[in-house]
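Data block below; observations after.
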Protein chains: 2
Amino acid sequence: MALFARHGYAAVSMRQIAAATGVQVGALYNHTADKQSLLFDLLSDHMDALLAALEAEALPDDPLAALEAFTRFHLRYHAARPDAVFIAYMELRNLTPDNFARVEAQRRAYEAQLEDILRRGSKAEVMRFDDAKLACLAIIALLTGVTTWFRADGRLRQSEVEDIYWSMTRRLVSA
Amino acid sequence: MALFARHGYAAVSMRQIAAATGVQVGALYNHTADKQSLLFDLLSDHMDALLAALEAEALPDDPLAALEAFTRFHLRYHAARPDAVFIAYMELRNLTPDNFARVEAQRRAYEAQLEDILRRGSKAEVMRFDDAKLACLAIIALLTGVTTWFRADGRLRQSEVEDIYWSMTRRLVSA
DNA sequence: AGACTAACTGAACAGCCGTTCAGAGCAAGA
DNA sequence: TCTTGCTCTGAACGGCTGTTCAGTTAGTCT
């Protein structure tokens with residue numbers, strides 16, 4: 001995962017992976033069918049874990065409270081897994097069409113949860129936006145962008161970043 | 001550019017590029033020093049053109065009007081060049097450290113223009129946010145995310161997307 | 001007409017690619 | 001103690017990699 005995140009799937013050889021794990025290249029094939037499966041398993045497992053973690057979060061019924069919980073969860077979960085997130089967004093095109101479709105479906109399932117919150121918030125008139133789908137994509141892009149610059153030892157602590165981004169997200173859809 | 005955008009820098013061979021341009025592989029080296037220069041020139045030229053186009057835009061003095069102009073410019077410019085944008089965001093890690101630093105500097109120069117608008121808006125009290133730098137990065141992430149899904153023949157026309165995203169951007173920093 | 005320049009071809013270079021496989025080592029179960 | 005089942009090594013496979021270069025072609029200037 002670290003190698004794929006750092007250099008990209010196509011630029012990393014099975015021999016590099018073997019060296020990083022301390023075995024010879026042939027031994028890798030006792031654990032994976034091929035290089036493509038390695039990438040797919042990485043992405044698919046990441047999305048499974050993300051969805052499971054969101055389920056475990058038990059979002060509140062109140063739409064605004066749910067949006068805050070989702071926002072903070074997303075930031076926290078993604079900040080803790082920069083490599084996995086990076087791969088999940090960068091290496092989709094290196095999946096075979098079949099594998100891409102499966103990971104894409106997982107990603108849509110995650111986004112659907114946010115869109116549902118937004119639609120409920122709009123219905124309850126505690127949120128306002130022109131287009132629920134675009135607001136959903138905008139928020140995801142906004143929040144995920146954090147992973148490109150956030151460093152645990154940077155200017156801002158994790159909790160400060162969470163607060164600031166929740167503040168921006170709230171305004172983005174404020175009624 | 002199309003090949004790099006579709007398959008990624010590392011996954012495209014000089015022979016593929018040669019075939020796509022209708023020459024033999026050796027002929028490419030009359031036009032580029034090596035494969036790395038090909039990528040760097042693509043990214044650097046893109047950033048140059050982006051900065052030049054923004055200069056030509058002549059943003060208004062009024063901060064809010066400038067933010068709207070910037071927002072619409074960014075969306076319009078990026079929507080028209082999906083391949084170049086995709087490469088500019090995905091292939092940075094495939095640049096040598098020297099080349100990366102140069103492209104990164106160009107990117108920062110672009111972002112600095114947005115940050116300046118935000119700071120002026122905050123000073124004039126027509127905008128509000130917790131952190132200018134983060135608001136800047138958030139808006140860039142928000143707007144650039146459009147390129148991942150926008151299609152000219154999709155549900156929404158370009159002008160509709162512009163309006164909706166300007167509406168969201170305005171709210172994001174509303175006083 | 002002849003010289004010069006630029007672009008192209010086709011072949012070659014050394015080296016790396018993903019993957020396979022025979023054989024070795026070793027721990028667990030009969 | 002013997003066998004079974006993993007996991008490993010080390011070498012090999014055909015094929016592709018970026019890059020170079022001698023030789024050909026074609027257009028431009030004197």
Side-chain angles (χ1 to χ4, degrees), chain A residues 1-48 83-84 86-104, chain B residues 1-49 83-84 86-104 106:
Chain A
M1 188 189 293
L3 285 171
F4 283 167
R6 192 118 44 231
H7 306 106
Y9 172 77
V12 173
S13 71
M14 293 299 274
R15 281 168 184 79
Q16 280 176 271
I17 298 170
T21 54
V23 295
Q24 295 299 315
V25 63
L28 294 180
Y29 290 85
N30 288 314
H31 307 278
T32 185
D34 49 29
K35 193 184 174 189
Q36 168 72 207
S37 302
L38 220 51
L39 179 62
F40 173 69
D41 289 345
L42 234 43
L43 295 199
S44 191
D45 289 354
H46 168 69
M47 293 308 297
D48 276 342
D83 283 351
F86 197 71
I87 297 174
Y89 277 82
M90 301 285 269
E91 302 295 354
L92 288 171
R93 62 172 163 194
N94 284 311
L95 292 172
T96 59
D98 278 10
N99 288 343
F100 175 80
R102 290 158 72 184
V103 174
E104 184 69 6
Chain B
M1 189 189 292
L3 285 171
F4 284 167
R6 194 120 45 233
H7 306 105
Y9 172 75
V12 173
S13 72
M14 293 299 274
R15 282 166 184 80
Q16 280 176 273
I17 297 170
T21 52
V23 295
Q24 295 299 315
V25 63
L28 294 180
Y29 289 84
N30 289 313
H31 306 278
T32 185
D34 48 29
K35 194 185 174 189
Q36 169 72 206
S37 302
L38 219 50
L39 178 61
F40 173 70
D41 289 345
L42 233 43
L43 295 200
S44 190
D45 288 355
H46 168 68
M47 293 308 298
D48 276 343
D83 283 351
F86 196 71
I87 295 173
Y89 277 83
M90 302 285 269
E91 304 294 354
L92 288 172
R93 63 174 163 194
N94 285 312
L95 291 172
T96 60
D98 278 9
N99 288 342
F100 175 80
R102 290 158 72 182
V103 174
E104 185 68 5
Q106 292 172 294

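- In this entry the distance linking CG of A/L3 with P of C/dC17 reads 12 Å, nearest Å.
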>> At under 4.0 Å between heavy atoms, how does the protein contact nucleotides 3-8 of chain D? Give one character per nucleotide, 5' to 3', with B, S or -.
In response: ----SB
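- Phosphate proximity of D/dC16 to B/S13: absent, as no side-chain N or O sits under 4.0 Å from OP1 or OP2.
- Summarising the geometry of B/Q106 relative to B/D48, their closest heavy-atom pair is NE2-OD1, 2.8 Å, with the distance given to 0.1 Å.
- Remark: the backbone N or O of B/A5 is paired with a side-chain donor or acceptor of A/R93 at under 3.5 angstrom.
- Side chain of B/M14, nearest nucleotide from C/dT19, D/dG18, C/dA11: D/dG18.
- The line from CG of B/L3 to NE2 of B/H7 is 6.5 Å long, rounded to the nearest 0.5 Å.
- The list of side-chain hydrogen bond (donor to acceptor under 3.5 Å, both in side chains) pairs with a residue in residues 23-36 of chain A, not counting sequence neighbours, reads A/D34-A/S37, A/Q36-A/N99.
- Taken from CZ in B/R102 to OG1 in B/T96, the straight-line distance is 8.5 Å, to the nearest 0.5 Å.
- Rounded to 10°, the helix from C/dA1-D/dT30 to C/dA30-D/dT1 has 0° between the axis fitted to its first five pairs and the one fitted to its last five.
- Distance, A/K35 NZ to C/dC17 P: 9 Å, rounded to whole Å.
- If you measure from atom NE2 of B/H7 to atom C1' of D/dT17, you get 17 Å, rounded to the nearest angstrom.
- Going from atom CD of B/Q36 over to atom C1' of D/dT19 covers 15 Å, rounded to whole Å.
- When the P atom of C/dG18 is taken as reference, atom CG of A/N94 falls 12 Å away, rounded to whole Å.
- Distance check, rounded to the nearest 0.5 Å: CE of A/M1 to CG of A/L42 gives 4.0 Å.
- Looking only at side-chain heavy atoms (C-beta outward), B/E91 and B/L39 come within less than 4.5 Å of each other.
- Look at CD1 on B/I17: it is 12 Å from C1' on D/dT17, rounded to the nearest Å.
- The main-chain N or O of A/I17 is found under 3.5 Å from a side-chain atom of A/T21 such that the two form a donor-acceptor pair.
- Distance CG (A/D34) to P (C/dC17): 17 Å, rounded to an integer number of Å.
- When A/D45, A/N94, A/V103 are each tested for a side-chain contact (heavy atoms from CB on, under 4.5 Å) with A/F40, only one passes: A/V103.
- Atom pair A/Y29:OH and C/dC21:C1' shows a separation of 13 Å (rounding to whole Å applied).
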